[in-house]
Structure formats: C-alpha cells, structure tokens
Novice: 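I'd like to ask some things about the structure below.
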2 protein chains.
Amino acid sequence: MADRLRANDISPTHQRVEIARVLFERQEHFTADQILGSVNARHAEVSKATVYNTLKLFVEKKLIRELIIDPTRVVYDPNTTPHHHFYDTVSGSLTDIPADQVRVMGLPPLPPGMIADGVDIIVRTRPLNEPAMSGPTQPE
Amino acid sequence: MADRLRANDISPTHQRVEIARVLFERQEHFTADQILGSVNARHAEVSKATVYNTLKLFVEKKLIRELIIDPTRVVYDPNTTPHHHFYDTVSGSLTDIPADQVRVMGLPPLPPGMIADGVDIIVRTRPLNEPAMSGPTQPE
DNA sequence: TCCGCCGGTTAGACAGAGTCCAATACTGGC
DNA sequence: GCCAGTATTGGACTCTGTCTAACCGGCGGA
C-alpha cells in the first residue's frame, strides 16, 4: 500500500496508509466521516483534519474521485475507472454503472473557451412502492 | 402568480408568492441564500426557515428542481423542462443543456424493484488556461 | 551526537448551510 | 367575525468541512 502511494507521488505516512487501506481494501463509497470512524475503529489515531487533508490529496493525485450526489455530504469513490451511478434517493445507496457501454449523444458544443473536465451521469431511482421522493437520503 | 401556486395545490401566502416571484420572473439558478437575499432586498419580509420550507414545498410540487452539483450548496432551478447542465468548476456558473437533443444509450437495467426518478447529466468544464482543478470528479 | 529545518499531524475554534422547535400570525371556511 | 388548522418566525442547534497555530518527527549537515 505504501508503494501504491509512492507510485503516485505521495509520501506514505502512517496515517495516509491507514486511510488508503480503508478506501482500497473494501471497494466502496465512503464519506469523510465513515473513513474517520473506520480508521479509528480498532484503536484510534487519525484526526479529522488529517482525514480531510488526505482525501483532498488523494483526489488531487487521482487515486480517488469525489462524488457530489447527496446534498448533505461528499462521497469519495476509490473506483477511478470511468463509470456513472445509480443513486437510490430513499436509502442513499450508490451503485456503479460501468461507462464503457454507455454512450451519450447530441451534447451541444462546450461554451467558448471551455474544455470538458468530465461527464457525470446520475440515475436517480427509488423503490417501486415508495410514495414519492420528498427528501433525499435516509442513511441506514 | 397566486394562480400558478393554486394550480399546483399550494395555498398562496404572501411569502410564497414573493419567493415564487423571485424564482420565476428571472429564470435563473438560485441558492436558498440568494433567494432569501432577493426577497428581503427592499425590506425584510421572509425568514430563513420559510425560504427553506417553501423551496422544499415547491420541489415536492414540482414547480422547481433541486440540483446537487456544488459540494457546498444546493441550487434550485425554476426550469422544469427536461434538461442537463454545464458546470464551470472554476466560476461555479451553470448553463442549461436542453434534453431533447441528448440521447443516452447503453444504460444497464435498473436494480431490481427500482424505478427511475430521473437522469441527470453534468458536464464539468473549466477555462482552457486554468491550471486544472483540485475539485470534483475526473472521469474519462 | 546534536541541531534545525520542514512537511505532516493535531485539537479545537470557527464558518456556512440547513433543520428543529415552540410560540405567534395568518388564512379560509363557515 | 370566529375558529381551527396551517404557515411563519427567531433563534438555537446540528453537521460538514475549513482554518490556525502549535507540535512532532525524520533527516541532512556540521
């Protein structure tokens, strides 16, 4: 794991390795808070500030992606292959959609002087029986 | 404007009408805070709580849409025709993309027991010269 | 060995968006 | 005009994320 960080130009401190371990061993979507909890679960030793610093660093170095989907919290995604998401507006859970099958056609040209930074597709879903969507996210 | 609210099953109180006026007269994207400011620009007449209550109500009644694009604040969109967005990650500005030309192909079937609630496409852009963004998402 | 540098970490204060609550004001139907 | 139910309100509160200033520790140089 330390090597993986080194390969991405990140000096592998103890804390960073712990955080990377949480992110990459279980290939899931995490909030900063969940990572803070997971890392400190056994016996605690990473601060909130470091978690935020480290996540920001990992995003910069493209080890993870930041997902803006839930109005209340940012989610970090250790899967950096191109993909999109199903978002269950009731439970708040995310499911990956591999991008290689997906094709988007008919997008207009970018505004002048701009270049694309990425295309995100979010398919919002809800359980069949659920009355309707009023408020997103009801975690757990 | 009162009629427009009544037509959507909303009793048109003064506050709601004021808020609706801000949203629909200028056809732009607004944050809750901007609306609070706009409505109270002349002299204070609507409280923060009411702005949030009303926006939530309007979303429920489908007079406006909620856009989750910026990590720090929700944006409300008075344009309810199907459309997507360019998002300038540097300036934060949003531009509409009419949906009628856009076609998405190859999406996998929904997870079992789920129905789609909508598909959002966000094309993140940045100015040509801008040194790259530390911010959101980097697919493709 | 000792020293000083410097990147990394930290606690806790802080900021901003949004929610909650209990009291009060208003609206609409009669 | 009265009343019941609905809407509004200020203010306290929560939560996520940021900032700051102190501190820690590894490493190179003398």
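All chains are named by letter (A, B, ...) in the order of the sequence lines, taking the proteins before the strands, and each is independently numbered beginning at 1. Remember, it's a predicted structure, so these values are computed and weren't measured experimentally.
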Novice: Keeping A/T80 on the side-chain end and A/I64 on the backbone end, is there a donor-acceptor pair under 3.5 Å?
Specialist: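 Checked: no pair found.
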Novice: Do A/E18 and A/V22 have side chains that get closer than 4.5 Å, going by heavy atoms?
Specialist: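 No - every pair of side-chain heavy atoms lies 4.5 Å or more apart.
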Novice: Between B/H29 and B/D96, is any side-chain donor less than 3.5 angstrom from a side-chain acceptor?
Specialist: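 Present: a donor and an acceptor within the cut-off.
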Novice: Run the salt bridge (charged side-chain N to carboxylate O under 4.0 Å, His left out) test against A/R16 and tell me which residues pass, sequence neighbours left out.
Specialist: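 Here no residue qualifies.
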Novice: For residues A/H84 and A/V123, determine if any side-chain heavy atom of one lies less than 4.5 Å from a side-chain heavy atom of the other.
Specialist: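 A side-chain contact under 4.5 Å is absent here.
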Novice: Mind listing the closest non-hydrogen atom pair of B/K61 and B/N8 along with its distance?
Specialist: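 The pair with the smallest heavy-atom distance is CD-O, 3.6 Å.
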Novice: So where does chain A start and stop touching DNA chain C, 5' to 3', when the test is distance under 4.0 Å to a non-hydrogen atom?
Specialist: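 So the contact region on DNA chain C extends C/dG8 to C/dA13.
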Novice: Counting primed atoms plus P, OP1 and OP2 as sugar-phosphate and everything else as base, spell out the protein contacts along nucleotides 5-20 of chain D at 4.0 Å heavy-atom distance: B, S or - for each nucleotide, 5' to 3'.
Specialist: --SSBB-B---SBBB-
Novice: Closer than 3.5 angstrom, by distance alone: can the side chain of A/D88 be matched with the main-chain N or O of A/V90 as a donor-acceptor pair?
Specialist: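 Here the side-chain-to-backbone pair exists.
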